Amino acid sequence: LRGESGGSGDKMNLRGITMKTKSFWGIACALLVFLLVAPNAFGQDLNPRLTIFGGGSFLKGERTFVVGGDQFRSNFVNGGKFGFRGTVDVDSHWAVEGSYSYGTNNLRIFELRVPPRERAFGTRVHQFAANALYFLNKPEDKMRAFVTGGLGLTRYSPTDAAKTFAATFEFVDEAAVISSNTKLSLNFGAGVEAKVHDRFGARFDFRDNMTRIPRFGVPETPPGPAVDFFPVSGVVHDWEASIGVVIYLR
């Protein structure tokens, strides 16, 4: 059974994928709306600002496993990401922000035989997060260090080419239908925001974004004979280092 499935099964899978996609974007929009509305409850100078950033993404998710008596290894390629953050102050030290980033961390699967064989699957990573920030310095200081933590959603999306290859040839050991995975994420980190002009500044961030490892819709254990499975589990850490331009909106 290589890449074949019944018509009713395909319809059910498509319906499930569509519902998960709608839920992902619905929750993400709700997070952004909350972050825009909630600070108005505080009688503070909100100091609204927008940060446009770019940086590196170092997704640590290497796993070694056995399928069909053969040993495999999977990992993710380091990549880049870019995005934006909207931040408002709650008081002289606390702030809240919502962020979105888009990056690339392709999945690689290696068959550890002689000679070894490698397959790569293009993967795009969307991240939404709602964070609290605590600034160690006062608002009037030109340079302000901060620590931050928050929750969000991370969506691991295989490219169309990756889906076609997996369904036509093989994913781990058999052909498989792969799909996007949406995971709850936790992040924490630290950084520095420096104001260099009344309207502009710079910001440096270092964060660890943590999620459960994605399996792209492929089961962890074999559901039946000649059906592909991906026996990986646990937490992955996406270490992010970024630099951004801060635009002060008033």
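It should be emphasised that the depicted structure is a prediction, and the values quoted were computed from it without experimental measurement.
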**Q** Would you say the side chain of Asp70 lies within less than 4.5 Å of the side chain of Arg113, judging by non-hydrogen atoms?
**A** no

**Q** Which value, rounded to the nearest 0.5 Å, describes the distance between Lys163 atom NZ and Ser157 atom OG?
**A** 7.0 Å

**Q** Compute the centroid of each ring, for Phe230 and then for Phe171, and state whether the two points are separated by less than 6.0 Å.
**A** yes

**Q** When clusters are formed by joining ILVMFWY residues with side-chain heavy atoms under 4.5 Å apart, either directly or through shared neighbours, do Phe169 and Ile109 land in the same one?
**A** yes

**Q** Who are the salt bridge (Lys or Arg N to Asp or Glu O under 4.0 Å) partners of Glu240, not counting sequence neighbours?
**A** Lys81, Arg85

**Q** Are Phe121 and Phe72 grouped together when hydrophobic residues (ILVMFWY) are joined by side-chain heavy atoms under 4.5 angstrom apart?
**A** yes

**Q** Give the intermediate values and the outcome of side-chain contact (heavy atoms from CB on, under 4.5 Å) for residues Glu174 and Val227.
**A** CA-CA 6 Å; Glu174 300 282 345; Val227 178; over 6 Å; no

**Q** Determine, stepwise, if the pair Leu151 / Leu186 fulfils side-chain contact (heavy atoms from CB on, under 4.5 Å).
**A** CA-CA 5 Å; Leu151 295 172; Leu186 169 68; 3.9 Å; yes

**Q** Would you tell me whether Asp238 and Ser57 have side-chain atoms, one donor and one acceptor, within less than 3.5 Å of each other?
**A** yes

**Q** Measuring from Asn47:CG to Tyr248:OH, what's the distance to the nearest 0.5 Å?
**A** 7.0 Å

**Q** Please assess Ser92 against Lys138 for the test side-chain contact (heavy atoms from CB on, under 4.5 Å), listing each intermediate value before the final yes or no.
**A** CA-CA 6 Å; Ser92 59; Lys138 295 181 179 180; 5.9 Å; no

**Q** Check the hydrophobic clustering (I, L, V, M, F, W, Y; side-chain heavy atoms under 4.5 Å; chains of links allowed) and say if Val90 and Val147 are grouped together.
**A** yes

**Q** Flag yes if Ile243 and Phe53 sit in one hydrophobic cluster, no otherwise; membership is Ile, Leu, Val, Met, Phe, Trp, Tyr, and two members link when side-chain heavy atoms are under 4.5 Å apart.
**A** no

**Q** Could you tell me which non-hydrogen atom of Ala175 sits nearest to which non-hydrogen atom of Ala167, and how far apart they are?
**A** CB-O, 3.5 Å

**Q** Not counting sequence neighbours, which residues clear salt bridge (Lys or Arg N to Asp or Glu O under 4.0 Å) with Arg124? List them please.
**A** none

**Q** Report the residues that fulfil salt bridge (Lys or Arg N to Asp or Glu O under 4.0 Å) with Arg199, sequence neighbours left out, ordered by chain and then residue number.
**A** none

**Q** Quick one: CD on Glu97 to CG on Leu50, what's the gap to the nearest 0.5 Å?
**A** 10.5 Å

**Q** What I'd like to find out is whether the side chain of Phe229 reaches to under 4.5 Å of the side chain of Val172, using heavy atoms alone.
**A** no

**Q** Please report the interatomic distance NE2(His126) to OH(Tyr102), rounded to the nearest 0.5 Å.
**A** 5.5 Å

**Q** Got a donor-acceptor contact below 3.5 angstrom from the Asn209 side chain to the Asn187 backbone?
**A** no

**Q** Can you find a pair of side-chain heavy atoms, one from Leu107 and one from Tyr156, that are under 4.5 Å apart?
**A** no

**Q** Step by step, would you call Arg49 with Lys195 a side-chain contact (heavy atoms from CB on, under 4.5 Å)?
**A** CA-CA 11 Å; Arg49 57 235 192 239; Lys195 192 169 186 178; over 6 Å; no

**Q** For the residue pair Leu153 and Ser185, what are the closest heavy atoms and their distance?
**A** N-OG, 3.5 Å

**Q** Using a 4.5 Å cut-off on heavy atoms from C-beta on, say whether the side chain of Met210 contacts that of Thr154.
**A** no

**Q** Can you get from Trp239 to Val77 by hopping between Ile, Leu, Val, Met, Phe, Trp and Tyr side chains that sit under 4.5 Å apart?
**A** no

**Q** Would you check if Ser242 and Arg203 make a side-chain contact, meaning some heavy-atom pair closer than 4.5 Å?
**A** no

**Q** Give the minimum heavy-atom separation between Val232 and Ser74, together with the two atoms involved.
**A** CG1-OG, 4.2 Å

**Q** Looking at every non-hydrogen atom in both residues, tell me the closest pair between Gly122 and Asn106 and how far apart they are.
**A** CA-OD1, 3.2 Å

**Q** For residues Thr64 and Gln71, report the shortest heavy-atom separation together with the two atoms involved.
**A** CG2-NE2, 3.4 Å

**Q** Kindly indicate, with the supporting measurements, whether the criterion salt bridge (Lys or Arg N to Asp or Glu O under 4.0 Å) is fulfilled by Arg212 and Glu220.
**A** CA-CA 13 Å; Arg212 304 293 296 180; Glu220 183 179 354; over 6 Å; no

**Q** Specify the closest pair of heavy atoms between Thr87 and Ala95, including all atoms of both residues, with the distance to one decimal.
**A** CG2-CB, 4.1 Å

**Q** Any donor and acceptor pair, going by atom type alone, linking the side chain of Thr182 with main-chain N or O of Ser180 inside 3.5 Å?
**A** no

**Q** Could you tell me how the ring of Phe84 sits relative to the ring of Tyr100: parallel (under 30°), tilted (30 to 60°) or perpendicular (over 60°)?
**A** tilted

**Q** Just by modelled atom types, is the Pro231 backbone N or O under 3.5 Å from a matching donor or acceptor in the Arg215 side chain?
**A** no

**Q** Side chains of Met143 and Asn137: closer than 4.5 Å at any heavy-atom pair?
**A** no

**Q** Sub-3.5 Å donor-acceptor pair from the side chain of Asn105 to the main-chain atoms of Asn78, do we have one?
**A** no

**Q** So how far is it from Leu112 CG to Glu118 CD, rounded to the nearest 0.5 Å?
**A** 11.0 Å

**Q** CZ/Phe76 to CZ/Phe58 distance, rounded to the nearest 0.5 angstrom?
**A** 16.0 Å

**Q** So does Arg144 get a backbone contact from the side chain of Asp141, meaning a donor-acceptor N/O pair under 3.5 Å?
**A** no

**Q** Among all residues two or more places apart in sequence or in another chain, which pass the side-chain hydrogen bond (donor to acceptor under 3.5 Å, both in side chains) test with Asp208?
**A** His237

**Q** Report yes if the side chains of Val246 and Phe200 come closer than 4.5 Å at any heavy-atom pair, otherwise no.
**A** no

**Q** Taking the side chain as everything from C-beta on, heavy atoms only, tell me whether Asn75 gets closer than 4.5 Å to Phe110.
**A** yes

**Q** What residues, two or more places apart in sequence or in another chain, satisfy salt bridge (Lys or Arg N to Asp or Glu O under 4.0 Å) together with Lys183?
**A** none

**Q** Show which residues join Leu133 in its hydrophobic cluster (side-chain heavy-atom contacts under 4.5 Å, direct or indirect), or state none.
**A** Phe135, Phe146

